[in-house]
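First the structure, which I've put down as structure tokens, then a few questions once you've had a look.
Just so we're on the same page: letters track the sequence lines, and every chain starts at 1.
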2 protein chains.
Amino acid sequence: MSTEPLTSEAILDAAEAALRRFGPAKTSVVDVARALEVSHGSVYRHFPSKAALREAVTARWLERVSAPLEDVVTRPGPASRRLRDWVALLAATKQAIARDEPELFETFHQIATGSREVAAVHVDHLADQAARIVADGIAAGEFTDGDPAVLGRAVLQATARFHHPALSREWADPATTTADLDAVLTLILHGLTRPE
Amino acid sequence: MSTEPLTSEAILDAAEAALRRFGPAKTSVVDVARALEVSHGSVYRHFPSKAALREAVTARWLERVSAPLEDVVTRPGPASRRLRDWVALLAATKQAIARDEPELFETFHQIATGSREVAAVHVDHLADQAARIVADGIAAGEFTDGDPAVLGRAVLQATARFHHPALSREWADPATTTADLDAVLTLILHGLTRPE
DNA sequence: TGACTGACAGATGTTGACCTTTGTCAGTCA
DNA sequence: TGACTGACAAAGGTCAACATCTGTCAGTCA
């Protein structure tokens with residue numbers, strides 16, 4: 001019996017573990033509280049509803065997806081190389097999770113689908129990362145002029161086929177998927193790159 | 001009581017009408033047979049299973065989607081204009097159905113998702129249409145050199161966000177969607193177009 | 001003779017009584 | 001005093017008996 005005070009972080013950890021073990025359908029607030037050896041009423045002192053708790057778990061998880069991408073954004077080197085690597089890493093990350101932990105992937109996709117807010121924050125974050133690489137490329141004279149925000153968003157949307165969770169069924173064949181992503185990236189980069 | 005012989009076409013018509021009226025969950029083979037005033041056993045003389053019947057209805061419906069696009073492919077005029085119009089018409093068609101007949105849209109999406117074959121034929125057909133416009137553009141010196149099949153497929157995939165049924169939730173705001181599609185199309189066409 | 005029927009077995013859905021879970025809140029304890 | 005408990009009402013989920021549907025096939029009818 002721990003004497004530590006109950007924190008939101010501890011609840012998120014327990015909730016994520018429970019979701020991994022039982023899946024979204026079989027995870028109750030009581031399960032989460034039991035793992036923490038508190039009553040389920042205590043969980044409600046930190047999160048206003050079960051939905052809010054699940055969204056918080058998902059938001060934290062999505063943040064762990066976009067954090068490694070930040071390295072590619074801030075790394076030195078040509079913007080075209082970084083943009084290509086950034087999209088490839090984003091796609092590879094999502095596809096790896098879908099392949100290796102399909103249930104967990106499905107869980108988080110379901111929750112994100114149900115809550116516009118959580119998904120929107122994640123998408124905005126990604127679009128911003130892409131926009132910053134594009135801005136670098138324009139500043140360096142590597143890309144043609146344009147609004148980085150619009151172009152970053154366009155890059156994200158044009159590659160949706162390869163990272164949007166709703167299209168995970170389309171990733172069944174990794175070889176085809178990689179070749180297709182290469183073709184789309186080449187098309188896009190050609191569209192961004194300044195001639196000469 | 002009709003003396004006409006029962007045809008596959010008549011069954012498809014009745015099945016589509018039943019799907020429209022009752023939805024996919026509530027449409028039984030018996031319902032379809034009843035509308036035709038035959039026993040459900042007769043339907044099985046034309047289609048080996050309920051799944052095959054539903055797939056045939058869906059295939060016919062998808063063909064009605066891609067037929068009007070053919071006009072844009074064969075129409076005279078610059079390839080860039082036609083490619084832009086083609087994607088816009090494809091997106092507008094799918095989005096209009098999703099908006100105006102959400103249940104029917106959901107029905108056909110569900111069936112197509114369940115049967116790789118039907119969906120693959122449709123996608124291949126669309127990729128081929130795009131490839132033909134790209135080939136025209138290359139032949140006319142309007143686009144840079146490249147494999148039309150690869151580029152056509154890339155165009156289709158890069159615009160998936162705007163026409164893939166699995167992403168219909170993302171079309172909620174038509175104004176944003178149109179602006180986003182414009183940005184992606186501009187990016188892609190810039191990538192295809194020969195400088196100068 | 002061959003398109004069609006209808007009775008049938010097994011699979012799949014539906015229903016409603018029962019049970020678990022969510023979310024609240026007055027009360028306890030340190 | 002404020003973090004925590006646990007009993008509770010309402011909402012939602014579970015399960016087994018019941019009903020419908022799918023797919024087959026021997027038999028009918030023109």
Side-chain angles (χ1 to χ4, degrees), chain A residues 1-59 103 106-108 110-111 113-115 117-118, chain B residues 1-59 103 106-108 110-111 113-115 117-118:
Chain A
M1 218 153 283
S2 163
T3 56
E4 304 284 301
L6 183 61
T7 64
S8 296
E9 274 301 308
I11 295 175
L12 288 177
D13 289 340
E16 185 170 337
L19 281 171
R20 274 177 197 273
R21 212 193 300 176
F22 306 131
K26 287 290 181 187
T27 299
S28 73
V29 177
V30 175
D31 290 333
V32 175
R34 185 162 33 231
L36 293 161
E37 297 185 320
V38 298
S39 77
H40 77 280
S42 295
V43 172
Y44 282 95
R45 314 205 104 256
H46 292 264
F47 296 94
S49 67
K50 183 183 182 176
L53 172 56
R54 304 206 314 177
E55 282 165 27
V57 173
T58 303
E103 279 191 29
E106 187 45 44
T107 300
F108 287 133
Q110 224 169 273
I111 296 169
T113 300
S115 142
E117 188 59 20
V118 171
Chain B
M1 216 153 280
S2 165
T3 56
E4 303 284 302
L6 183 62
T7 64
S8 297
E9 274 300 308
I11 295 174
L12 289 176
D13 289 340
E16 185 170 339
L19 281 171
R20 273 177 197 274
R21 211 191 304 173
F22 307 131
K26 288 289 181 187
T27 298
S28 71
V29 176
V30 174
D31 290 332
V32 175
R34 185 163 34 231
L36 293 162
E37 296 183 321
V38 297
S39 77
H40 76 281
S42 296
V43 172
Y44 282 95
R45 312 205 102 256
H46 293 264
F47 296 93
S49 67
K50 183 182 184 179
L53 172 57
R54 305 205 315 178
E55 283 165 27
V57 173
T58 303
E103 279 190 29
E106 188 44 44
T107 300
F108 287 134
Q110 225 170 274
I111 296 169
T113 300
S115 141
E117 188 57 20
V118 171

A:Ser39 side chain: which of D:dG23, C:dT22, D:dT5 is closest? D:dT5

B:Val32 and B:Phe22: CA distance, side-chain angles, deciding distance, side chain to side chain contact (heavy atoms under 4.5 Å, CB included) verdict: CA-CA 11 Å; B:Val32 175; B:Phe22 307 131; over 6 Å; no

Distance-only donor-acceptor test, B:His40 side-chain atoms vs C:dG6 base atoms, 3.5 Å: no

Any side-chain heavy-atom pair of B:Val118 and B:Ile111 under 4.5 Å: no

With a cut-off of less than 4.0 Å, is there a side-chain N or O of B:Arg45 near OP1 or OP2 of C:dC4? no

Neighbours of DNA chain C within residues 46-59 of chain A, by heavy-atom distance under 4.0 Å: A:Ser49, A:Lys50

Only pairs with both distances under 3.5 Å count, Watson-Crick or wobble alike; so what is the partner of D:dT28 in this structure? C:dA3

Whole-Å distance separating the CG atom of B:Leu6 from the C1' atom of C:dT5: 13 Å

Need one value for B:Ser42: base, sugar-phosphate or nothing, where a base atom within 4.0 Å counts as base even if backbone is also close, heavy atoms only. base

CZ on B:Arg54 to OG on B:Ser49, rounded to 0.5 Å: 9.5 Å

Spatial distance of atom CZ (A:Arg20) from atom OG1 (A:Thr27) [nearest 0.5 Å]: 12.0 Å

Given D:dT22, D:dC4, C:dT22, which nucleotide is nearest the side-chain atoms of B:Tyr44? D:dT22

To the nearest Å, how far apart are B:Phe22 CZ and C:dG13 C1'? 17 Å

Between B:Lys26 and C:dT12, is there a side-chain N or O to OP1/OP2 distance below 4.0 Å? no

Contacts of type salt bridge (charged side-chain N to carboxylate O under 4.0 Å, His left out), residue B:Glu9, not counting sequence neighbours: B:Arg60

Counting the atoms with a prime plus P, OP1 and OP2 as sugar-phosphate, which does B:Ser28 contact under 4.0 Å by heavy atoms, base, sugar-phosphate, or nothing? sugar-phosphate

Could you state the interatomic distance from OG (B:Ser42) to CG (B:Leu36), rounded to the nearest 0.5 Å? 9.5 Å

A:Glu37 CD to D:dG6 C1': how many Å, rounded? 17 Å

Between B:Phe47 and B:Val29, does a side chain to side chain contact (heavy atoms under 4.5 Å, CB included) hold up when you go through it step by step? CA-CA 11 Å; B:Phe47 296 93; B:Val29 176; over 6 Å; no

